[in-house]
Amino acid sequence: MMERMLHQAHAEKLALLEQQERVKQSEAMMLRDEIRKREDLEMRLREETEKREELVDTQVRLREKVRTQQVNSRPLTRFLPNTSQDFDLHNHIESAGHNPDICKHISLSKTVCRGYMTKMGGRIKTWRKRWFVFNRTKRSFLYYSNEKDEHKPKGGMYFQAIQEVYFDHLRQHKSPNPNLTFCVKTRERTYFLVAPSPEAMRIWMDVIVTGAEGYKEFK
């Protein structure tokens, strides 16, 4: 009887030790799996970080290249300002290869160009539709709430303040339509404008540069 009890106790002890060993092995395996998963995650994070750093470096180099090109070359317009009293804006735009009469977004005469564009705010970076008027007689490029409020300008600039007119290559701000966004740089700030169509953008750029009397090479 005693012998059986001792044998049973010994067997139970062995079973308990085996169970403890299995638990240890299971815990060790789980620990190895956890370590491997952590190492894999750290590797993926390192690879992702390297990719992001490489992308940032590429973007920085591209922006510096574009900025250097803008500094060292003329803006993306084909003409210099023109102060002649006999200058015909409509004929000038037609001679540039445009057909303003069939562009429904723009009204163009000998001295004035009118039309809607979307403009980014100065302090608050929101985009709002505005009525723009380029007037060679008044030597101004102003914008209004709408076409019925031309007696109440909300802002704009005079010709002597306009320095550059160029396509928005850098895309620093999220535009409603990046492909139709161009910039008008003045002494005080840079205006970001979105034209309603590709043809309207090209016409506006060639129109505005005729009044860019602040351009560095203009005399």
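As the structure is a prediction and not an experimental result, all values here were calculated from the model.
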Which residues share a side-chain contact (heavy atoms from CB on, under 4.5 Å) with T190, sequence neighbours left out:
Y166, C183, K185, F192
Residues two or more places apart in sequence or in another chain: which of them pass side-chain hydrogen bond (donor to acceptor under 3.5 Å, both in side chains) with R130?
none
For residues H90 and D101, is any side-chain donor paired with an opposing acceptor at under 3.5 Å?
yes
Please find the pair of heavy atoms, one from V184 and one from M157, that lie closest to each other, and give the distance.
CG1-SD, 3.7 Å
For R36, side-chain hydrogen bond (donor to acceptor under 3.5 Å, both in side chains) partners two or more places apart:
D33
Assign the ring pair F132 / W204 to parallel, tilted or perpendicular, where the plane angle (0 to 90°) is split at 30° and 60°.
perpendicular
Once side-chain hydrogen bond (donor to acceptor under 3.5 Å, both in side chains) is applied, do any residues pair with D57, and if so which ones, sequence neighbours excluded?
none
Please write out which residues are connected to I102 in a hydrophobic cluster, directly or through intermediates, given that two of Ile, Leu, Val, Met, Phe, Trp, Tyr count as joined at side-chain heavy-atom separations below 4.5 angstrom.
none
Quick one: do N135 and F141 satisfy side chain to side chain contact (heavy atoms under 4.5 Å, CB included)? Show the steps, please.
CA-CA 6 Å; N135 192 314; F141 180 46; over 6 Å; no
Show every donor-acceptor pair shorter than 3.5 Å between a side-chain atom in residues 40-52 and any protein atom, with sequence neighbours excluded, or say none if there are none.
residue : atom : partner : partner atom : Å
E48     : OE2  : R52     : NE           : 3.4
T49     : OG1  : L45     : O            : 2.8

Among all residues two or more places apart in sequence or in another chain, which pass the ring-ring contact (aromatic ring centres under 6.0 Å, His included) test with Y191?
none
Among residues at least two apart in sequence or on other chains, which ones pass side-chain contact (heavy atoms from CB on, under 4.5 Å) with L142?
S140, Y144, P153
Counting neighbours of CZ on R189 that are heavy atoms of other residues, nucleotides or ligands and sit closer than 6.0 Å, is the number greater than 12?
yes
With side chain to side chain contact (heavy atoms under 4.5 Å, CB included) as the criterion, how do L55 and Q59 come out once you've worked through the C-alpha distance, each side chain's angles and the decisive distance to 0.1 Å?
CA-CA 6 Å; L55 179 60; Q59 291 176 338; 4.1 Å; yes
Once you round to the nearest 0.5 Å, how far does NZ of K110 lie from CZ of F87?
13.0 Å
Between R202 and E199, does the salt bridge (Lys or Arg N to Asp or Glu O under 4.0 Å) criterion hold? Intermediate values first, please.
CA-CA 5 Å; R202 290 190 289 267; E199 177 66 5; 3.2 Å; yes
With N177 via side-chain hydrogen bond (donor to acceptor under 3.5 Å, both in side chains) - residues at least two apart
none
Identify, with sequence neighbours excluded, every residue that meets ring-ring contact (aromatic ring centres under 6.0 Å, His included) alongside W131.
Y116
Measuring only between side-chain heavy atoms, which start at C-beta, is C113 closer than 4.5 Å to V133?
no
Neighbour count above 12 (heavy atom, 6.0 Å) for I124 CD1
no
Running the 4.5 Å side-chain criterion over Ile, Leu, Val, Met, Phe, Trp and Tyr, what cluster does Y158 land in, apart from itself?
none
Could you check whether any side-chain heavy atom of K152 comes within less than 4.5 Å of a side-chain heavy atom of S145, counting everything from C-beta outward?
no
The test is side chain to side chain contact (heavy atoms under 4.5 Å, CB included); show your working for V112 and L89 and say whether it passes.
CA-CA 7 Å; V112 179; L89 185 60; over 6 Å; no
By ring-ring contact (aromatic ring centres under 6.0 Å, His included), which residues pair with F182, not counting sequence neighbours?
none
